[in-house]
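The chains referred to below are lettered A, B, ... by the order of the sequence lines, with proteins before strands, and numbering in each begins at 1. Just so it is clear, the structure is predicted and the values come from calculations on it, not from any experiment.
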Amino acid sequence: MADKILFYPIDVTYKIENEKAVIYLFGRTAEHKQVCVIDEDFKPYFYVVPKKGNEVEEKLLKIKVEKDNVISEVVKTEKVKRHFLGKDIEAIKVFVKLPRDVPVIRDVVKDWEILDNVTEYDIRFKKRYLIDKGITPLQAVEAKGDFITKQLRVPVLKADKIEPKGEDVLENPKILAFDIETYNPNGKSMDMENNPILMVSFYGQKFKKVITWKHFKTDLDYIEFVKSEAELIERFKEIVNEQKPDIITGYFSDEFDLPYIQARANKYKIKIDIGLDFSELNVKKSRRITSDIIGINHLDIFKFIKRIMGSSIDVSSLSLNSVAAELIGEKKVEVDLENLAHVWDKKPEELEIYCEYNLKDSLLTYKLAEKMLPNIIEMVKIVGMPIPEIGRVGFSQLVESYILKQAPRFNELAPELPHHRELMKRNTQTYQGAFVYEPKPGLYKDIMVFDYRSLYPSIISSHNLDPGTLGCNCCEGKKKVPVEGKDYWFCSKKKGFLPALIEDLITRRVRIKEIMKEKSSPLMEARSLSLKLLANSFYGYLGFPMARWYSFESARSTAAYGRFYIHKVIDEAQKAGFNVLYSDTDSVFLSLDGKTKKDANHFQEKINMELPGIMELEYEGFYPAGIFVSAKMGKFGAKKKYALLSKEGNLKIRGFETVRRNWSPIAKKVQENVLNIVLKENKPKKAMDYTLKVIDELRNNKIPLKDVIIYTQLQKEIDDYDAIGPHVAIAERMRQKGMPVGPGSRIEYVITKHGTKIRDKAKLPSEVSQDDYDPDYYINNQVIPAVEKIFEVLGYKKEDISEHKDQDKLSKFF
DNA sequence: AAAATTCGGGG
DNA sequence: GTGTACGAATTTT
């Protein structure tokens, strides 16, 4: 008797069993029980496109490659009709036995003269399965088959039939947040090899716990004591196994918590075998680290927020503290973390507060994941990527995943990923980008801002820009793209594949916006945001060298049309008598100059009447005052650097860099204080006085040495550096002195008066005394750069800060 | 201007 | 592993 279940897949993987590729779909049933559905009937394949008139199937079937006693061969071929970059073609599906045979066979045929193209050999097997079966992670799937016995942590159904079932999404996935605290006497620099994990916390819907291995008196019942770090790690595993989360989440856990746990477990030869198939936590180190668990979605909520939400939330830093404050209105427990190592060693009776801190971090992480869940789910639904990937990949890959998912619906064949040669070629291709109107530096009143709604997506859609519509025969000589010196045209008869997809995104979003006018919800907001982000990423995708559907001409033409349309607004605004202050890509800043808001709105309406298709110029806002600042060296206005004062009295500041950690504490401190005085108290003079006071103290070497120490982290072996920066020179000196230095070491140095190059002026803090540091360097290269942009906004010049040593001369500026 | 390097998040 | 992947800012040359 076969069983039938409805379930929601969470994680997909495959294994080779008995010389067969077996797909594993881990998920929850409609009854919220964990399950794994396996499918043994999916065959790997790729496509070849024969040149016209060539019969290639027989030849393909003869291929046999033997390597290391493994034989790869073609199992089956199948003629199919497909679209490919605007053409109707006949392709051949080439089936092989195992996924690993695909690249082997592809290697054999890649240079065959009788083929026009070989493609889709580079789509990962998991992805191939999801695309072909029409399965979207988290969305309902019906499977028929029999439950069988298998060595897994969950029941297994071997499917005979498997198909998506409606738009339904997994309700209430079980989220478990966790966080570790580590022994860390050296502040920011971390040493997984030598410093143990001191505590780990969990937070779930009805679950909270902190585990630590040093005993102290406490009444907090969620604290659990174990005897050693090794036991703590064992408990970590047990708890994950008991809790059975669908999603395990942490803040930067991809690159910190999970790799740390793994590194410490290695020390004790403990296997983190928490996968639902008993496989180990998989920490992969490439440029960025990823940590995955089979059957459980590991969600690094920091990465998701940074990538996907980054542009739509307004925080100065993406630390857990500020993000949580902004999104859920809660902050971390306030505690001196620098002191944890000391307390751990010397005053364990004071550890309780650190446990509370540890738990709160998990709680905040949990709440963030919960809050972001609609956004995460919507993105998963649209692009068809599983949760862990969503936050890790760039927008280009989100776009590509979406395109690949949609391809079967349009019967489109995917182009191959570019290889080395092609990639090099693409990397050299450049074209003129967006238009930026350089502002005249200064203070302005009554500013109206307009911008094009989704300028690039609407251009791609309205002008049908696509690699497959480029240079068609039917439209030759008709409508040309405004690219100087080039003869580009795109088909105006047949809708391109990518424009069709963009249009889909746009119309879906318009529909949602309509519904939202009646009644909004976090889900609607999330859906709308995902659709918008994706549509907005298409332009970047077209010009992204790694893209399958890369199209230099389409990207270039998009930018060209963009310039055309923004120039139209600028020109007409000037003709109508407005003063155009600034413009960047898709927005225009006008000062009213005696005209009224009504005039401006009228102007906007006139523009909109003349625009084609779905293009629209929108009203962004009105600002009573605003300042555009000058570029670094002065005479021209800087691009993308301005500050606006909103009607509500908030400052909207764009383009001012925030101070990074390799600045001296004094520079950070001054910038922070100046920002506070200026933004919160609105007292420029006070800020200036304060800055001048600090500069004066610097000049007289009165600022304590600890405030002029600069910290930089060494990224690689000292000898591997080509460019010797100050920190490299210092690292070298430390090595000569017999101090331990290597990648990851925190290098501290002070810039002194002696020497010419910065690297010669750098000295170890222990080698210098109060009078040695170089006031000029700290004034001109640290403090002034940290605040000059801010003061420029307020109407000061750099010279106002640096050249007037006594404060009397400054009074004239007020 | 181009090439090299670092930071961010995490303690 | 169905050859893979950060992105922006900053400093040095």
Side-chain angles (χ1 to χ4, degrees), chain A residues 14 16 21 44-47 94 96 98-107 118-129 179-192 195 197-199 250-260 284 286-290 300-303 305-307 310 317-323 335-341 354 357-358 361 365 389 391-397 400 414 416-420 423 544-547 657-663 711-716 720-728 757-759 781 785:
Chain A
Y14 78 94
I16 306 302
Y45 68 89
F46 66 102
Y47 289 98
V94 182
V96 294
L98 297 174
R100 67 154 183 261
D101 298 327
V102 170
V104 176
I105 305 295
R106 179 256 165 185
D107 239 16
V118 180
T119 194
E120 298 207 7
Y121 55 85
D122 46 14
I123 295 174
R124 293 217 298 275
F125 192 55
K126 288 192 245 185
K127 180 81 182 164
R128 168 93 287 158
Y129 183 81
D179 179 51
I180 63 170
E181 305 302 327
T182 64
Y183 185 81
N184 205 344
N186 301 319
K188 270 276 169 197
S189 80
M190 308 215 176
D191 183 355
M192 298 194 191
N195 294 337
I197 298 170
L198 304 183
M199 46 187 79
Y251 205 80
F252 204 47
S253 43
D254 236 0
E255 306 203 20
F256 181 72
D257 303 73
L258 287 178
Y260 210 115
K284 252 215 303 269
S286 53
R287 301 279 298 272
R288 299 252 51 148
I289 304 168
T290 58
D300 185 336
I301 193 64
F302 157 71
K303 282 191 179 172
I305 290 172
K306 178 178 173 171
R307 286 285 165 99
S317 141
L318 287 169
S319 65
L320 176 58
N321 202 34
S322 53
V323 170
V335 71
D336 184 11
L337 248 200
E338 298 274 341
N339 217 14
L340 172 56
Y354 289 97
Y357 171 89
N358 187 209
D361 277 10
T365 304
E389 295 291 308
R392 291 175 186 156
V393 301
F395 277 100
S396 298
Q397 285 149 78
E400 193 154 283
E416 62 185 329
L417 286 168
H419 291 90
H420 190 66
L423 205 53
F544 176 54
M546 288 284 292
E657 59 287 290
T658 41
V659 170
R660 304 208 292 184
R661 80 166 180 238
N662 62 333
W663 285 56
Y711 308 91
T712 306
Q713 201 174 33
L714 206 63
Q715 298 287 352
K716 47 188 188 182
D720 292 346
Y721 279 93
D722 294 324
I724 312 291
H727 65 296
V728 183
K757 285 190 172 154
I758 298 290
R759 65 170 172 242
N781 296 53

Picking from [options], which would you name as closest to the side chain of [X]?
X      : options              : result
A:Q397 : C:dG1, B:dG9, C:dA5  : C:dA5
A:Y14  : C:dC6, B:dG10, C:dT2 : C:dT2
A:D179 : C:dG7, B:dG9, B:dG11 : B:dG11
A:R128 : C:dG1, C:dT2, C:dG7  : C:dT2
A:R287 : B:dG11, C:dC6, B:dG9 : C:dC6
A:V102 : C:dG3, B:dG8, C:dT2  : C:dT2
A:S319 : C:dG3, B:dG9, C:dT2  : B:dG9
A:P99  : B:dG8, B:dG11, C:dT2 : C:dT2
A:F252 : C:dG3, B:dG10, C:dC6 : B:dG10

I'd like to check A:T365 versus A:D179 (side-chain heavy atoms, cut-off strictly below 4.5 Å). Are they in contact?
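With C-beta onward as the side chain, the pair stays apart.
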Would you mind reporting whether A:Y251 and A:D361 have side-chain heavy atoms less than 4.5 Å apart?
no
Please check this pair: side chain of A:R307 against backbone of A:V393, looking for a donor-acceptor N/O pair closer than 3.5 Å.
yes
Determine yes or no for a side-chain-to-main-chain donor-acceptor pair under 3.5 angstrom, with A:Y260 supplying the side chain and A:S253 the backbone.
no
Distance check needed: [N] [atom2] versus [X] [atom1], whole Å only.
X      : N      : atom1 : atom2 : answer
A:R288 : B:dG9  : CZ    : P     : 11 Å
A:L320 : B:dG9  : CG    : P     : 11 Å
A:D122 : C:dG3  : CG    : C1'   : 9 Å
A:K127 : C:dG1  : NZ    : C1'   : 17 Å
A:L198 : B:dG10 : CG    : P     : 17 Å
A:F544 : C:dA5  : CZ    : P     : 10 Å
A:I16  : C:dG1  : CD1   : P     : 14 Å
A:L340 : B:dG11 : CG    : P     : 10 Å

Students often get this wrong, so: under 4.0 angstrom with heavy atoms, is [X] touching a base, only sugar-phosphate, or nothing?
X      : answer
A:K303 : nothing
A:E120 : base
A:D361 : sugar-phosphate
A:I123 : base
A:Y45  : base

Quick check on DNA chain C: between A:H419 and A:R392, whose nearest nucleotide comes earlier from the 5' end?
A:H419
Both A:F395 and A:R759 contact DNA chain C. Taking the nearest nucleotide for each, which residue is further toward the 5' end?
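By nearest-heavy-atom nucleotide position, the 5'-most residue is A:F395.
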Just to confirm, is there a sub-4.0 Å distance from OP1 or OP2 of C:dG1 to any side-chain nitrogen or oxygen of A:K284?
yes
Can you find a side chain N or O atom of A:H727 that sits less than 4.0 Å from OP1 or OP2 on C:dT11?
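The answer is no; no side-chain N or O of A:H727 sits under 4.0 Å from OP1 or OP2.
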